[in-house]
Amino acid sequence: MKICFNQATTLQNSNLEKDLELCEKYGYNLIEIRLDKLRDYLNTHSIKELSDFFRTSRIKPFAFNALEFVTFRSERDYEGIKRDLQFLCEVGEEINCRKIVVVPSFDVGDYTKKHIKEESVRVLNDLAETAEKYGSELAFEFVGYPNCSVNTFGQAYDIVKEVDRDNVGLVLDCFHFYAMNSRIEDLRKADAGKIFIFHIDDAEDLPAGALRDHHRLWPGDGAIDLDLILKTLKEIGYNEMVSVELFRPEYWKWNAEETVKTGRTKTEEVVGRYFEIG
Ligand code: ZN
């Protein structure tokens, strides 16, 4: 299992250049690059510098985060999403980063699950068609908030199965899985090949529907039964990568080096019980 760093973990105490240097130092295999951090980086660096860095380093880019709120958008907003997609596909080609996280919309109104599925399938197919031309893949991330249009693993998996394209899969994020009571039986029935990205984290012990990103904790420090999720992933034959993704303001106050180092240690402690890391 390769170990990956998601830049949300150091959202307010680092930048891409620093994250890359620290992740290389602390032995991460992969990084998930945030779109906002990439844009900041490109203000003072070139894509060539980034691709040179990856060519001469152990760490490799794995995915971009994220095209957000892709469904139920106005024509004009959707055009903006398509422009961002194009940009990420082009940069992805240069640096060999082929996965893009896509997030469903929130507060869409009183649509039925059937209607949400139709809209999600339509949009994913359209975005996937563009991505395919660049050899890029889309990872659809359900969000465990009550007002997200796709908020459980089962619902997201159903959509991705319906899309049925090689370049469309899922993000499994332990926090989102736990936050709206996704069912472990649904994960047990899933095809591991459809899980493109695995986000690890933990959560404070709040009831379903009350958890928000700032309640995330380091893996092993919270209420999520991570052992059950990891055991199930092992059972279904998933063994690709694990990405530590926190959004906790408390950790953003730390020195970035301490955050990157702790992310690695905490993830290895929990995941190392079931998988060989690296
Ligand atoms: Zn996530």
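Every number for a ligand or one of its atoms is a count from 1 in the order of the listing. All values below were derived from every heavy atom in this structure, side-chain atoms included, with hydrogens, water molecules and symmetry-related copies excluded.
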Does Tyr111 have its ring centroid less than 6.0 Å away from the ring centroid of Phe72? yes

When you measure from the centre of the six-membered ring of Phe275, is the NZ or CZ of Lys234 closer than 6.0 Å and no more than 45° off the axis? yes

Report for the Zn ion (ligand 1), protein N, O or S closer than 2.8 Å, by chain and number, lists Glu141 OE2, Asp173 OD2, His199 ND1, Glu245 OE1

Residues at least two apart in sequence or cross-chain that pass salt bridge (charged side-chain N to carboxylate O under 4.0 Å, His left out) with Glu250, listed by chain then number, are Arg248

Notebook entry, point to check: Hey, are Lys18 and Glu21 close enough for a salt bridge, meaning a charged N less than 4.0 Å from a carboxylate O?
Noted result: no

For Glu268, the side chain to side chain donor-acceptor pair (under 3.5 Å) test, sequence neighbours excluded, returns Arg264

Taken in chain and number order and not counting sequence neighbours, the residues that satisfy ring-ring contact (aromatic ring centres under 6.0 Å, His included) with Phe69 are Phe106

